[in-house]
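To start, the structure itself, in structure tokens.
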Amino acid sequence: MTLYERIKKFAKLRGMKITEVAERAGLSNGIIYRWKSPDSNPSKASIIAVAKALGVTYEDLTGTSETPEPTKIDLGASLDDDSVIMTFEGKPIPEEDRELIKRLLRGK
């Protein structure tokens, strides 16, 4: 199944027209129709915008399974680095709490 066919399928399931999907994704009206062509090469950003407009994932539209390598973070180094902004639930972690976290991580 092509990208266009997947978009059409999800749009139909949601009662939307292709032009409406493009509009919600912030794209020009006819752009998705041009993706029918095997020569088309839409940007990842455009596909992601369409996926959001349809309420699906990038992988749902492309038929791929992108599982990125997990990011490894050295918490000890991050806690000591003043340029790293630490937050929890969107709020900055107070310095006294950061000190407590450092002690816990270091086993003291």
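Along the sequence shown, residues are numbered consecutively beginning with 1. Below, all heavy atoms of this structure are taken into account, side chains as well, without hydrogens, waters or symmetry copies.
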Between NZ on residue K8 and OG1 on residue T2, distance to nearest 0.5 Å | 9.5 Å
Where do W35 and L3 come nearest, in terms of heavy atoms and distance?
-> CE3-CD2, 3.8 Å
Could you pull out the closest heavy-atom pair between D97 and I93, with the gap in Å?
-> CB-CG2, 3.7 Å
Heavy-atom distance under 4.5 Å between the side chains of L54 and M16, does that happen here?
-> yes
Distance col, row T57:OG1 vs D60:CG, nearest 0.5 angstrom, shows 3.0 Å
Stepwise, does the side chain to side chain contact (heavy atoms under 4.5 Å, CB included) test hold for V56 with R14?
-> CA-CA 11 Å; V56 298; R14 283 151 182 76; 3.5 Å; yes
Consider only side-chain N and O atoms of S43 and S46, and report whether a donor and an acceptor are under 3.5 Å apart.
-> yes
Interatomic distance, Y58 atom OH to K52 atom NZ [nearest 0.5 angstrom] | 13.5 Å
Measure across A25 and A53 and return the closest heavy-atom pair with its distance rounded to 0.1 Å.
-> N-CB, 4.0 Å
Under-4.0 Å salt bridge between E99 and K102 = yes
Heavy-atom closest pair (T64 atom, E59 atom, distance to 0.1 Å) is O-CB, 2.9 Å
I31, I18, L61 screened by side-chain contact (heavy atoms from CB on, under 4.5 Å) with V50, the one that passes | L61
Are the charged groups of E20 and R24 less than 4.0 angstrom apart, N to O?
-> yes
R6 side-chain N/O to M1 backbone N/O, donor-acceptor pair under 3.5 Å = yes
